[in-house]
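Note that ligands are numbered from 1 as they come in the structure, with each ligand's atoms numbered from 1 the same way.
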Amino acid sequence: MRILAIESSCDESAAAILDSDRGLLAHELFSQIELHRIYGGVVPELASRDHVQRLLPLVSRALEVAETAPDRIEGIAYTAGPGLIGALLCGATLARSLAYAWRVPALGVHHLEGHLLAPLLESRPPPFPHVALLVSGGHTMLIEVRGIGEYTVLGETRDDAAGEAFDKSAKLLGLPYPGGPQLAALASDGRAGAYEFPRPMLDRPGLEFSFSGLKTAVLHAVRAFPAQRSPAQLQQARADVAREVQEAIVDTLVAKTLRALEATGLVDLVVAGGVGANRRLRARFDAESARRGLRVYYPRLEFCTDNAAMIAVAGLARLQAGERDGAGIAARARWPLESLQPLAVP
Ligand code: KG4
Ligand code: ZN
C-alpha cells in the first residue's frame, strides 16, 4: 500500500509518501518559524493562513520526489489532533478533498501516535512493549507502549511541557523563538556549578513532572545579573544559566524515565518529540543505557520535531488494518492518547 500523509497541527506544514514495501519515498516540510518569530510564539490565525498556502505545493512536490502519480496513492492519512483547530482543519480538509477526488480512503491520525511511532522508520526499530518518553513543546509524558494503539500514560507534566520550559527560559535569556535549540547551543559555553536550579518532583515518588518553577528560578537569576558587568561577563552568565536550565530539565527527564523503566520491568526505551533532539539528553540516555543494559531508540533528528513521515507511519498501519474515517471531518484540538483503539489485526 502506498499512502500520502499530511501534517498541519501547529507551525509546520508537511507532506510525505510512504510505501509498505519500499519505505519512505518522500517527505517535504515547510516550517513557519520565521513567520511567528516576531510574536515570540505561534499565532494560530497566521498559522492557518500559511498552511492553506503551503500544503498543496508540498503535496505536489512529495508526489514528484516519490515519482508517484496520484492514481498510485491508495490512502491518505492526516493529523486530526491534538493541535490548533484552525491549523488542523487546513490539513484535514485538503486530505479529505483529495481522498474524495482520488476515490481512496482517508484517515485522521493522532499527532502523538505519530511522534511515538516515528522510530519505526529507522533501520533498528524498537520492539513492543517499550517505554516511551514523549517530550515536545506541548507534551511531556511517560507512556507504556504495548503495541500500536495500546498506550498507558504512566506520568505526565502537571504544568509546563519540557519544550515549553526550554522555550520560556530561552525567552528570559533574550533568545529568539523557539528557544530550545538556541538555549542548548548557549549551554555548551556554560560552566558547571555556577547556578543551582530546582529539580522539581525528583524528591517525590511517582512519574509526574512539573517545570513551571524553573522559569521563576531563571527570572530571579536574570534579574540578579549585575548591570555593571562587561558584555563578555554578561554573556558568560547567560551561558551559565542556560547550562543549568538544561541540566535541571535533563536530570528530571532521565531520573523519571529510569523510574518508569524500573516500575514496568522494561529495558527498551523510545525518546520522541522535539526535545528528543537535545544532544545532552541523548548523551545522558546513552550513558545510562550502557550502564544499565537498556536499549534506547530515537527517531532521526529531523523526525523528532513535527513532520509528515511520522503521520504516514501511524496512518499506513491503521489504513492497512482497514480503518477509515467516518462521514465527518473529525479534527479535534484535544484528543486523549489513551482513548485510541489498538490496531485491529486484519
Ligand atoms: O515536537 P515538536 O516539534 O512540536 C510539538 O509537537 O510541540 O517540539 C518542539 C519543541 C520546542 O519547544 C523546541 O524548543 C523543542 O521542541 N526543541 C528542543 C530542541 N529541538 C527542539 N529543545 C531542546 N533542545 C533541542 N535541541
Ligand atoms: Zn509534535
Side-chain angles (χ1 to χ4, degrees), residues 5-14 27 29-33 36-37 40-42 44 47 78-84 87-88 91 109-119 132-141 143 156-157 160-173 175-188 190 209 211 214-215 242-254 270-285 298-314 333-335 337:
I6 294 173
E7 154 68 31
S8 70
S9 63
C10 189
D11 59 345
E12 259 93 31
S13 316
H27 56 101
L29 181 133
F30 178 84
S31 172
Q32 304 178 353
I33 282 176
H36 300 289
R37 184 160 277 158
V42 178
Y78 61 93
T79 306
L84 302 171
L88 289 167
V109 167
H110 195 292
H111 181 78
L112 298 184
E113 179 162 75
H115 275 300
L116 288 175
L117 301 184
L133 172 69
L134 179 54
V135 271
S136 69
H139 297 87
T140 299
M141 291 175 147
I143 303 158
E156 57 189 316
T157 183
D160 290 352
E164 221 175 337
F166 267 106
D167 295 342
K168 286 179 176 172
S169 301
K171 198 171 187 176
L172 290 168
L173 288 169
L175 298 167
Y177 176 86
Q182 315 229 16
L183 185 140
L186 183 60
S188 60
F209 302 92
F211 290 109
L214 200 53
K215 57 181 185 285
R243 184 189 163 115
E244 177 60 4
V245 168
Q246 179 170 260
E247 285 305 306
I249 295 172
V250 168
D251 275 350
T252 313
L253 293 175
V254 171
V270 160
V271 181
V275 180
N278 185 272
R279 286 221 196 108
R280 180 71 182 141
L281 183 69
R282 287 186 175 215
R284 286 285 302 281
F285 275 130
Y298 309 96
R300 72 192 78 163
L301 282 180
E302 62 186 321
F303 295 161
C304 283
T305 46
D306 291 348
N307 64 87
M310 67 184 197
I311 302 305
V313 177
R334 289 173 191 279
W335 186 2
L337 185 67

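Residue G274 holds the heavy atom nearest to atom 8 (O) of ligand 1 of all those in C304, G273, A185, G274. Distances from atom 11 (C) of ligand 1 to the heavy atoms of L112, D167, D11 show the closest one on D167. Taking all heavy atoms of G276, G137, G83 into account, the minimum distance to atom 10 (C) of ligand 1 is reached by G137.
The closest side-chain heavy-atom distance from E113 to M310 is not below 4.5 Å. Between Y78 and I311, every side-chain heavy-atom pair lies at or beyond the 4.5 Å cut-off. S13 has its side chain out of reach of S8: every pair of non-hydrogen atoms, C-beta onward, lies at least 4.5 Å apart.
For H139, no heavy-atom contact with ligand 1 is shorter than 4.0 Å.
Taking a cut-off of under 4.0 Å to the non-hydrogen atoms of H115, the atoms of ligand 1 that pass are 1 (O), 6 (O). Annotation for ligand 1: atoms under 4.0 Å from non-hydrogen atoms of H111 are 6 (O). Every atom of ligand 1 with a heavy atom of D306 under 4.0 Å away is listed here by number and element: 1 (O), 2 (P), 3 (O), 4 (O), 5 (C), 6 (O). In the vicinity of G138, heavy-atom distances shorter than 4.0 Å reach the ligand 1 atoms 7 (O).
The number of protein N, O or S atoms lying under 2.8 Å from the Zn ion (ligand 2) is 3.
Under the side chain to side chain contact (heavy atoms under 4.5 Å, CB included) criterion, S169 pairs with L183, V218, V245, sequence neighbours left out.
Taking the six-membered ring where the residue is Trp, H27 and F303 present perpendicular rings, their angle passing 60° and hence far from 30°.
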